[in-house]
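This report refers to the structure that appears directly beneath it.
The figures that follow rest on heavy atoms only: side chains count, while hydrogens, waters and symmetry mates do not.
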Amino acid sequence: MRKPQNQNLVVRWLRDALCGILLGASAILPGVSAGVLAVVFDIYQPMMEILTYPRRAIPQYWGRIPPLIAGWCVGFVAFAKGIAVCLDQSATVTVWLFIGLIVGTIPALFREAGKEGRTPGAWVSLLVCAAAVFGGLFYVSHVAHAVVEPNFWWYNFCGVLFGLSVVIPGMTSSSVMMALGLYQPMLEGMARLDLLVLSACLPGLILTVALLARLMTWFFKRFYAVTFHGILGIVLATTLVIIPTTYTGVGEVLLSALCCAGGFGLAFFLARLDRKIQNGTT
């Protein structure tokens with residue numbers, strides 16, 4: 001009995017480390033929300049509980065915290081340079097990889113959203129959140145063209161955006177930063193471990209997460225179906241709004257399709273792995 005249990009622990013650790021890497025990478029990928037992927041990988045609610053009630057939640061989820069944090073650091077810092085290179089080579093292909101990851105887990109999200117029933121209010125929440133987020137991101141991406149000069153306070157604002165993208169699924173910090181002209185300087189600063197950029201981001205990030213985590217936890221406890229369906233609507237909207245519409249040629253189309261399929265396959269693998277762990281088998 002002990003050997004299968006130990007195997008489950010190792011598999012869970014590796015799975016959480018991989019999810020952490022993807023979460024860290026998603027924080028700097030344009031159009032992709034870290035909060036959405038946290039929901040997708042069934043990390044969001046434990047994360048909110050840890051941030052809201054640490055004394056009670058940390059002992060419960062202690063085994064998951066180290067691999068998630070380690071993976072997030074790798075994905076956020078080490079992948080910053082790699083993602084910058086990939087985006088420079090083909091932003092279209094890179095975004096399609098993450099679209100595949102999200103689409104591959106939407107059926108599981110839909111089942112989870114209906115765990116406590118689907119009321120008319122839940123469907124309204126899904127539609128309203130989807131329409132609001134799609135409209136807002138479309139406006140930022142295609143209508144607003146404000147550009148600011150990067151400095152300490154604007155990097156602090158970027159930290160606030162990172163915090164919002166963690167706590168509010170569907171909030172895409174990178175998209176807003178790109179609209180303001182902050183994305184490229186931020187990414188380059190992260191890639192070279194610039195202390196100015198890192199120290200400016202942390203206060204805004206920590207403060208935003210600390211202030212909003214309890215609010216989101218309250219919504220889940222009081223209005224689970226409405227809140228989760230709203231998040232599902234946000235996931236659908238953010239996925240639609242980041243779909244690339246221009247391609248350099250047939251080769252990029254084929255490579256995009258391949259990466260999307262690869263992302264879908266990875267998400268499917270993680271979902272199956274999660275079910276096996278929950279069922280006590282490997």
Nearest-0.5 Å distance, CG of residue L211 to CD1 of residue I206
11.5 Å
Quick check: is Y61 connected to I58 through a chain of hydrophobic side chains (ILVMFWY, heavy atoms under 4.5 Å apart)?
yes
Does S125 reach the main-chain N or O of T227 with its side chain, forming a donor-acceptor pair under 3.5 Å?
no
Do L240 and V103 sit in one hydrophobic cluster, given that two such residues count as connected whenever their side-chain heavy atoms are within less than 4.5 Å of each other, even indirectly?
yes
Does some side-chain heavy atom of L14 sit less than 4.5 Å from a side-chain heavy atom of L18?
no
Side chains of F152 and L196: does their closest heavy-atom pair fall under 4.5 Å?
yes
According to a hydrophobic-cluster definition based on side-chain heavy atoms being under 4.5 Å apart (Ile, Leu, Val, Met, Phe, Trp, Tyr only), do L127 and V226 belong together?
yes
L255 side, atom CG; C260 side, atom SG - distance, nearest 0.5 Å:
11.5 Å
Any non-hydrogen side-chain atom of N156 less than 4.5 Å from a side-chain atom of P203?
yes
P59 to P54 - nearest heavy-atom pair and separation
CD-O, 4.0 Å
Are there over 12 heavy-atom neighbours, none belonging to W153, within less than 6.0 Å of that residue's CH2?
no
Answer yes or no: is there a side-chain heavy-atom contact under 4.5 Å between K115 and Y224?
yes
Hey, could you give me the OG1/NE2 distance between T119 and H229, rounded to the nearest 0.5 Å?
7.5 Å
Verify the cluster assignment for W123 and I231: are they in a single hydrophobic cluster under the rule of side-chain heavy atoms below 4.5 Å apart?
yes
Shortest non-hydrogen contact from A225 toward G117:
CB-O, 3.5 Å
Does the side chain of P185 reach to within under 4.5 Å of the side chain of W154, using non-hydrogen atoms?
no
Determine whether a donor-acceptor pair (N or O, by modelled atom type, separation under 3.5 Å) exists between the side chain of T208 and the backbone of G163.
no
Quick one: CG on L97 to CZ on F264, what's the gap to the nearest 0.5 Å?
13.5 Å
Can L215 be reached from M47 by stepping across I, L, V, M, F, W or Y side chains whose heavy atoms are under 4.5 Å apart?
yes
Would you indicate whether the side-chain heavy atoms of R118 and F110 approach each other to under 4.5 Å?
yes
What pair of heavy atoms forms the shortest contact from V93 to E252, and how long is it?
CG2-CG, 3.9 Å
First locate atom OH of Y247, then atom OG1 of T92, and finally report the distance between them rounded to the nearest 0.5 Å.
6.5 Å
Distance col, row W13:CH2 vs L68:CG, nearest 0.5 angstrom, shows 9.5 Å
For a 4.5 angstrom cut-off between non-hydrogen side-chain atoms, does P244 reach I99?
yes
Could you go step by step and tell me if F223 and F228 meet the side-chain contact (heavy atoms from CB on, under 4.5 Å) rule?
CA-CA 8 Å; F223 310 104; F228 212 114; over 6 Å; no
Please evaluate residues I243 and W96 with respect to the criterion side-chain contact (heavy atoms from CB on, under 4.5 Å), reporting the C-alpha separation (whole Å), side-chain torsions for both, the decisive distance (0.1 Å), and the verdict.
CA-CA 7 Å; I243 291 177; W96 269 113; 3.9 Å; yes
